[in-house]
Each structure stands twice: as structure tokens, then as C-alpha cells.
**Q** 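Sending over a structure as C-alpha cells; questions will come in a sec.
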Amino acid sequence: NAEATEEISPEIKMLHDDLLDADIPIEITRELIRDIEKQYSSGTNIKEIAGEVLSEYLNRFMSFDIEFRPGMKIIFTGFSGAGKTSGLAKLAAQLVSGLGLKVTLSSLDDMKVAAYEEIGSYADILNLPSAMFDELAGRQKNDSLVLIDTPPLPVDPTRREKFLARINNVKPDMTFLVFSARNRSRDLIDAVEIFKSVSPDYLIAAHLDETARWGSIYSMAGTLKTPLAFMTNSPGGIGELARADSSEIARTVLKMEASNEI
Ligand SMILES: Nc1nc2c(ncn2[C@@H]2O[C@H](COP(=O)(O)OP(=O)(O)O)[C@@H](O)[C@H]2O)c(=O)[nH]1
Ligand SMILES: [Mg+2]
């Protein structure tokens with residue numbers, strides 16, 4: 001029935017605009033709206049339905065079984081300023097205090113002035129050993145999990161080639177791709193081939209306190225088909241790397257009241 005498909009209810013139209021305003025990219029917005037329309041009829045609460053659909057969308061890519069084991073090498077990648085170093089420090093603190101693991105902080109960054117001092121000061125604060133990754137080779141004990149910071153993911157293809165060779169050399173057991181929620185969805189989607197080049201296992205969304213438009217989470221998870229592992233909202237290495245919560249993300253995007261459920 002052509003007439004019926006052309007008819008868009010004002011509620012659906014408003015929701016569509018809200019999703020775009022939250023920086024969910026147009027193609028994902030359309031997909032979400034299609035799913036919402038299937039379940040929506042007059043008398044039902046459109047926001048509740050939208051909340052479930054948005055949350056389900058992310059659940060397809062969520063992962064709750066990340067295993068941290070002694071001896072693992074875990075790489076943090078991402079663009080400049082994304083929150084790699086802060087995220088690494090937050091995870092280190094949690095692995096030590098929460099799981100009682102031995103953790104070593106390391107860095108592949110030989111470009112940024114004071115990159116090593118940065119890792120070194122976090123190591124001091126957390127009372128953990130630290131070393132540049134090249135110095136670590138050979139003397140790494142298998143009982144320590146190594147978190148490895150990296151220089152910003154190069155946009156330039158030639159520089160990226162060299163960067164990827166160094167990453168591959170590490171033979172990481174796990175790769176986190178950190179992105180800032182302040183980045184525009186469209187810019188992140190434009191960089192999707194660059195992100196894919198590091199074969200990330202999990203995503204970390206940072207800077208969530210600095211914007212209420214969390215659409216970039218949908219663009220990253222949906223375009224890369226990679227699970228969002230953690231989300232974080234505090235500067236520096238202090239604060240929590242929280243387990244990603246699809247329902248909280250959906251509610252924030254939809255500007256809904258915080259859920260009372262745990
Ligand atoms: N407000 C806020 N600031 C953050 C967050 N994550 C990182 N930062 C800050 O953003 C800046 C860049 O973070 P950093 O971890 O150095 O990014 P890197 O370049 O990817 O290593 C620093 O000033 C951090 O303190 C966050 O979740 N919220
Ligand atoms: Mg850094």
C-alpha cells in the first residue's frame with residue numbers, strides 16, 4: 001500500500017530528527033527508524049520502543065566476556081587526543097585493584113615529546129613497572145600483563161604502513177581502538193579504513209562527559225562491526241573505564257530519564 005508507506009507520523013518524524021541531532025549517521029538512523037516503525041502503533045510509547053531498538057542495535061556488537069590473562073600484550077590505538085593514554089592508565093588501575101593482575105605499562109610512542117615520561121608517571125602513581133616496548137622485549141616476565149600505548153594512528157598512508165609494521169611486530173593479544181565521542185560520526189566513518197587497518201578487537205568510547213550527542217558510538221560499532229567494550233567520562237588516568245551499557249547509551253541519545261533498573 002503506497003499511501004500508507006508515504007504517511008509518516010509526527011512522532012516518527014520527531015524521533016528521526018532526534019536521532020540525527022544526536023549524531024547518529026543517516027544510514028543507521030534509517031535502519032533504526034524502520035525497526036521502530038515495525039513495533040510502533042498509536043497507544044504505545046514511542047520512546048520506550050526506540051530505547052529498546054537502539055539498545056538492541058548496540059547489543060549486537062556488545063561483548064561481555066573480555067578475558068584479561070597474565071602475559072597478554074594489549075595495544076591501545078586511536079587518533080591523537082582520543083584518550084588512549086588515559087584509558088590505558090584507567091584499565092591498569094582496574095586490572096591491578098580489581099583482578100589482582102600484575103601489570104606493566106609500556107609505549108611504542110617515540111614521536112611525542114615526553115611520551116615515555118607520561119607512561120612513566122602513570123606507572124609511578126600506580127606503583128607499576130614501565131619501559132619502552134623495545135626495551136621490554138626479552139625481560140618481560142610471562143606473569144605480567146603488558147599494556148602498550150602507541151603514537152596517534154597516522155592518517156598518512158606511508159606513515160601508517162610503518163606504524164602497522166611496528167604494531168604487527170608486537171603480536172598483540174588484544175587491540176583496543178579508542179575514539180572520542182566528540183568526534184563527528186561522519187568523520188569517524190570517513191576514517192573507517194584507517195581504523196580497520198589495526199584490526200581492533202574492541203572499542204573504547206571516551207570524552208562522553210563532553211557531549212550528550214553519543215551518535216558516534218553507533219557509527220563506530222555499526223560500521224566497524226566491532227564491540228564496544230568500555231566507556232569513560234573523566235580526564236587523565238583517574239576515573240573509571242566502565243563496562244559499556246547499551247541501555248544507558250540509548251537513553252542518553254533519546255534524552256530519556258536515567259533508568260531505575262540496574
Ligand atoms: N573530559 C574528559 N577528558 C578526557 C577523557 N579521556 C581523556 N581525556 C583528556 O583528553 C586529553 C587527551 O587524552 P589522552 O589520553 O592523552 O589521549 P591520547 O592522545 O589518545 O593518548 C587529555 O587531556 C585527557 O585528560 C574523558 O573521558 N573525558
Ligand atoms: Mg597519548
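Atoms within a ligand are numbered from 1 in the order they appear, just like the ligands themselves. Any value given below was found using the heavy atoms of this structure, including those in side chains, with hydrogens, waters and symmetry copies removed.
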**Q** Say whether Ala82 and ligand 1 are in contact under the criterion: heavy-atom distance to a ligand atom below 4.0 Å.
**A**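 Yes.
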**Q** Ring centres of Tyr218 and Phe61 under 6.0 Å apart?
**A**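 Aromatic pair excluded; centres sit 6.0 Å or further apart.
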**Q** Flag atom 22 (C) of ligand 1 as yes if some protein heavy-atom distance to it falls below 4.0 Å, otherwise no.
**A**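 Within 4.0 Å of atom 22 (C) of ligand 1, no protein heavy atoms are found.
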**Q** Apply the test side-chain contact (heavy atoms from CB on, under 4.5 Å) to residues Phe163 and Leu153: give CA-CA distance (whole Å), side-chain angles for both, the deciding distance (0.1 Å), then the verdict.
**A** CA-CA 8 Å; Phe163 172 88; Leu153 189 45; 3.4 Å; yes
**Q** Which residue holds the protein heavy atom closest to atom 27 (O) of ligand 1, what is that atom called, and what is the gap in Å?
**A** His207 N, 2.9 Å
**Q** Is there any N or O on Gly81 that sits under 3.5 Å from an N or O of ligand 1?
**A**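 There is such a contact, yes.
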**Q** Could any protein non-hydrogen atom be found less than 4.0 Å from atom 8 (N) of ligand 1?
**A** yes
**Q** Under the side-chain hydrogen bond (donor to acceptor under 3.5 Å, both in side chains) criterion, do Ser144 and Thr104 qualify, and how do the steps go?
**A** CA-CA 6 Å; Ser144 185; Thr104 300; 2.7 Å; yes
**Q** Mark up the atoms of ligand 1 that fall under 4.0 Å of a heavy atom belonging to Thr232, in ascending order.
**A** 27 (O)
**Q** Checking a contact table here: which protein heavy atom is nearest atom 16 (O) of ligand 1, and how many Å away?
**A** Glu118 OE2, 4.0 Å
**Q** At a 4.0 Å threshold, what atoms of ligand 1 neighbour a non-hydrogen atom of Phe79?
**A** 20 (O)
**Q** For atom CD of Glu161, decide whether the heavy atoms of other residues, nucleotides or ligands shown that lie under 6.0 angstrom number more than 12.
**A** no
**Q** Let's go through Thr85 and Tyr122 carefully: what are the C-alpha distance in whole Å and the side-chain angles of both, what is the deciding distance for side-chain contact (heavy atoms from CB on, under 4.5 Å) to 0.1 Å, and is it a yes or a no?
**A** CA-CA 9 Å; Thr85 309; Tyr122 278 125; 3.8 Å; yes
**Q** Give the atom numbers and elements of ligand 1 that come within less than 4.0 Å of a heavy atom of Thr85.
**A** 15 (O), 21 (O)
**Q** Between OG1 of Thr252 and CE of Met231, what distance do you get to the nearest 0.5 Å?
**A**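 Here the interatomic distance stands at 6.5 Å.
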**Q** Run Tyr116 and Phe133 through ring-ring contact (aromatic ring centres under 6.0 Å, His included) and show every step you take.
**A** CA-CA 10 Å; Tyr116 177 65; Phe133 188 76; over 10 Å; no
**Q** Go through the steps for Thr150 and Lys84 under the test side-chain hydrogen bond (donor to acceptor under 3.5 Å, both in side chains), then give the verdict.
**A** CA-CA 8 Å; Thr150 60; Lys84 298 179 291 296; 5.8 Å; no
**Q** List the steps, then state whether side-chain contact (heavy atoms from CB on, under 4.5 Å) holds for Leu58 with Ile217.
**A** CA-CA 9 Å; Leu58 288 179; Ile217 296 175; 4.1 Å; yes
**Q** Measure Asp209 to ligand 1 on non-hydrogen atoms and call it side chain, backbone, both or neither using the 4.0 Å cut-off.
**A** side chain
**Q** Counting heavy atoms only, which of Ser234, Gly83, Gly237, Ala205 comes nearest to atom 26 (C) of ligand 1?
**A**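 It is Ser234 that holds the nearest heavy atom.
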**Q** Please determine whether Thr85 has a backbone or side-chain N, O or S atom lying under 2.8 Å from the Mg ion (ligand 2).
**A** yes
**Q** Which ligand 1 atoms, with their elements, are less than 4.0 angstrom from a heavy-atom of Ser86?
**A** 7 (C), 13 (O), 14 (P), 15 (O), 24 (C)
**Q** Enumerate the atoms of ligand 1 whose separation from the nearest heavy atom of Gly236 is less than 4.0 angstrom.
**A** 24 (C), 25 (O)
